[in-house]
K.L.:
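Attaching a single structure in structure tokens format; questions to follow.
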Number of protein chains: 2
Amino acid sequence: MVTMRDIAREAGVSQATVSYVLHNDPSISKPTRDKVLRVAQRLNYSINVSARTLRSGRTNAIGLVLQDLHNPYSTQVADAISVYARRRGYQTIIQQTFYEGDAEAEILQHIVSSMCDGVIFSPSKLNVREIMAQLNGKPSVLLSPVCENHSYDTMLVACEQGIFTTTSYLLSRGCRRPLFYCSRYADFDDIRDSADSKWQRVAGFQRALLRNGITPEPWQFLPERHWNRRSARETIVEAVRTGLDFDSVVCINDESAIGVLRGLADCGVRVPQDVSVVGFDGIEEGECCVPSLTTFAMDFDDFARKAVDALIDRINGDDAAPHAIIANSRLVVRESTR
Amino acid sequence: MVTMRDIAREAGVSQATVSYVLHNDPSISKPTRDKVLRVAQRLNYSINVSARTLRSGRTNAIGLVLQDLHNPYSTQVADAISVYARRRGYQTIIQQTFYEGDAEAEILQHIVSSMCDGVIFSPSKLNVREIMAQLNGKPSVLLSPVCENHSYDTMLVACEQGIFTTTSYLLSRGCRRPLFYCSRYADFDDIRDSADSKWQRVAGFQRALLRNGITPEPWQFLPERHWNRRSARETIVEAVRTGLDFDSVVCINDESAIGVLRGLADCGVRVPQDVSVVGFDGIEEGECCVPSLTTFAMDFDDFARKAVDALIDRINGDDAAPHAIIANSRLVVRESTR
DNA sequence: TTGTAGGCGTTATCAA
DNA sequence: TTGATAACGCCTACAA
């Protein structure tokens, strides 16, 4: 490893001078500058980030801590944030917690102590108290459906409203017997004010039904499963096999919706002629599947912009009260609804 | 920020003792140990990674430098590598170069100087000489279709053989007029030994045709476009509109194949009854699309295991001659072929 | 315009 | 069993 000291020795200057040159300090004369730069080039110098960080306290990187990168939604979030952060002059360091509380704490600790100037963090197991303990004052933006705190800026997703919108659209197109994938039935009054992402979606579904004079009934709720293609596919196939009478499926996310589309194809059910399907998220895959997916699509670029801007403001010392941030989103009508 | 010195003061021991305790050094007595740990807990201490790295030279992290995270193939690679690296006790730091030579060099420099003990790197713009200069001796595994060097372990993809396999399968099912998405026509003899990933695939296509007594002709080659859904969709729609007579499409990757499926659906062409489609990669999306995709599927877990194991061996001082590594892969027959 | 020197938080050697 | 102490590579007053 070649250090500034090596360059200094080689160029016949002090190590401090090298540092100044590499920081474009104007007080260094052109000849010295050139000489140092030439040597640095020749020795193929690259700065030691640990040393710089240790000394300066700045990393010029932001941490993005997600649960995993396995699902398209997370991937698109990660992609959009990386791209925008880069435009703002920051490296993005992506880390996954794999839904393990230990990993979460460990990663936050590492990140807190160094590696990055701020964190965009999607919590799973940790509660706000624990998060605060780990984050310990480091600038942060939370990606969370719930805004159970007033300690951090939080990117919210309009779950209730989104599912209300997709369900309402379905009903406006004449559907009367929608299924919801995936949750067990719960009484509307028990969940209407829930802070939980899933229950918010269930509540949106029910509110749309009620608004249209339909009373939600337990048969409409498909059992709780993973929010992924495979679970959704298996579940909907099972529903068709058991002879469930439905004319549409409201899905908790796009990935599930794509599994539902697949499962209906397995059963020879035509979409949208026999059954309509709506998703939630707006992942790219939904544009290109057959049939393409009607969904409540988030604007990922807007999401990334707002999250990163908020974080960088905090890094730069903004101490306004933490606030909730919502990205733009809208209903996108495609082929999966009639 | 709370440091070891703070703990030491609070616990009435030296800072060195704190370090020993936090490293589970057996020479520290139980009472001292407990006292220090209690204080550390209370002060919510977390280690400063920069300082540790600067001093010890070890990070316990590996860097994964990809071109982008926008396509499912890269995402699945990143996912699999992160998961396996974690099992081997390493954090994975994912970085994207966005196909910009500058970013590539910059990221490698940062990573070289610190942040991680080794790098899994997918080069785009940089040539081997430049890579070597940036990497500067840091343990590395290259993800690259070409093995133009004997300086690094390199994960190879069986491009020629893979496309040969998918094309041969198509022909064995009675197809006689396959299209190739996407490349311009090139004479077989000019490309059969190419080191380039794309030309290897084209060569595989042609070799399969020749083996079956079919002479490749320019009309079979769809113009060069991006290897993504949208380009493929537009291209195949155009091909159908112009009345091109074909009975199958060999795609350069799965993402393109999914775009082709979509484009054919746009035109009312049935798959596989009218046209068969094969992909290359084995991304998850191919399992669940309609129709599901016949493809030459890589075993991503095997890929990750081999890449990470090789890298960790190097980190641990293995100095065997660099070698080429190929992950398991196999033809997966699904619904998109007749 | 350039050099000297101290310290960022840790690890690790050596001595006590 | 524990404590001094000297780096690791870089940044930045301050001095020259």
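Letters A, B, ... mirror the listed sequences (proteins, then strands); counts begin at 1. Just so we're clear, the structure is a prediction, and the values are computed from it rather than from any experiment.
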K.L.:
Does the ring center of B:Y84 lie less than 6.0 Å from the ring center of B:F300?
P.N.:
no
K.L.:
Can you list everything that forms a side chain to side chain donor-acceptor pair (under 3.5 Å) with A:R88? Sequence neighbours excluded, please.
P.N.:
A:D309
K.L.:
When the C1' atoms of the five terminal pairs at each end define the local axes, what inter-axis angle does the helix from C:dT1-D:dA16 to C:dA16-D:dT1 show, to 10 degrees?
P.N.:
40°
K.L.:
Whether the B:S124 and B:E104 side chains hold a donor-acceptor pair (N or O, under 3.5 Å, no angle test) is what I'd like checked.
P.N.:
yes
K.L.:
Would you say the side-chain atoms of A:E284 and A:Q76 include a donor-acceptor pair closer than 3.5 Å?
P.N.:
no
K.L.:
Is the backbone of B:A324 close enough, under 3.5 Å, to the side chain of B:T154 for a donor and an acceptor to pair up by distance?
P.N.:
no
K.L.:
Counting just side-chain N and O atoms, does B:T32 come under 4.0 Å of either OP1 or OP2 of D:dT2?
P.N.:
yes
K.L.:
Report the C-alpha separation of B:K306 and B:D302 in whole Å, then their side-chain angles, then the decisive distance to 0.1 Å, and conclude whether the salt bridge (charged side-chain N to carboxylate O under 4.0 Å, His left out) test is met.
P.N.:
CA-CA 6 Å; B:K306 285 172 174 162; B:D302 186 62; 2.8 Å; yes
K.L.:
Considering every strand and a 4.0 Å limit on heavy-atom distances, what is the contact class for B:S29: base, sugar-phosphate, or nothing?
P.N.:
sugar-phosphate
K.L.:
Between B:T17 and D:dG3, is there a side-chain N or O to OP1/OP2 distance below 4.0 Å?
P.N.:
yes
K.L.:
Under the rule for side-chain contact (heavy atoms from CB on, under 4.5 Å), what residues qualify as partners of A:A105, not counting sequence neighbours?
P.N.:
A:Q134
K.L.:
For a quick check under 3.5 Å, do B:Q96 and B:H70 share a side-chain donor-acceptor pair by atom type?
P.N.:
no
K.L.:
Among all residues two or more places apart in sequence or in another chain, which pass the salt bridge (charged side-chain N to carboxylate O under 4.0 Å, His left out) test with A:R42?
P.N.:
A:E10
K.L.:
Starting at the 5' end of nucleotides 10-16 of chain D, put B wherever the base has a protein heavy atom under 4.0 Å, S where only the sugar-phosphate does, and a dash everywhere else.
P.N.:
BBBBB--
K.L.:
For chain B and DNA chain C, what are the first and last nucleotides along the strand, 5' to 3', with at least one atom under 4.0 angstrom from a heavy atom of the protein chain?
P.N.:
C:dG9 to C:dC14
K.L.:
Whole Å only: how far is the CG atom of B:L54 from the C1' atom of D:dA6?
P.N.:
13 Å
K.L.:
Would you indicate whether the side-chain heavy atoms of A:Y90 and A:I312 approach each other to under 4.5 Å?
P.N.:
yes
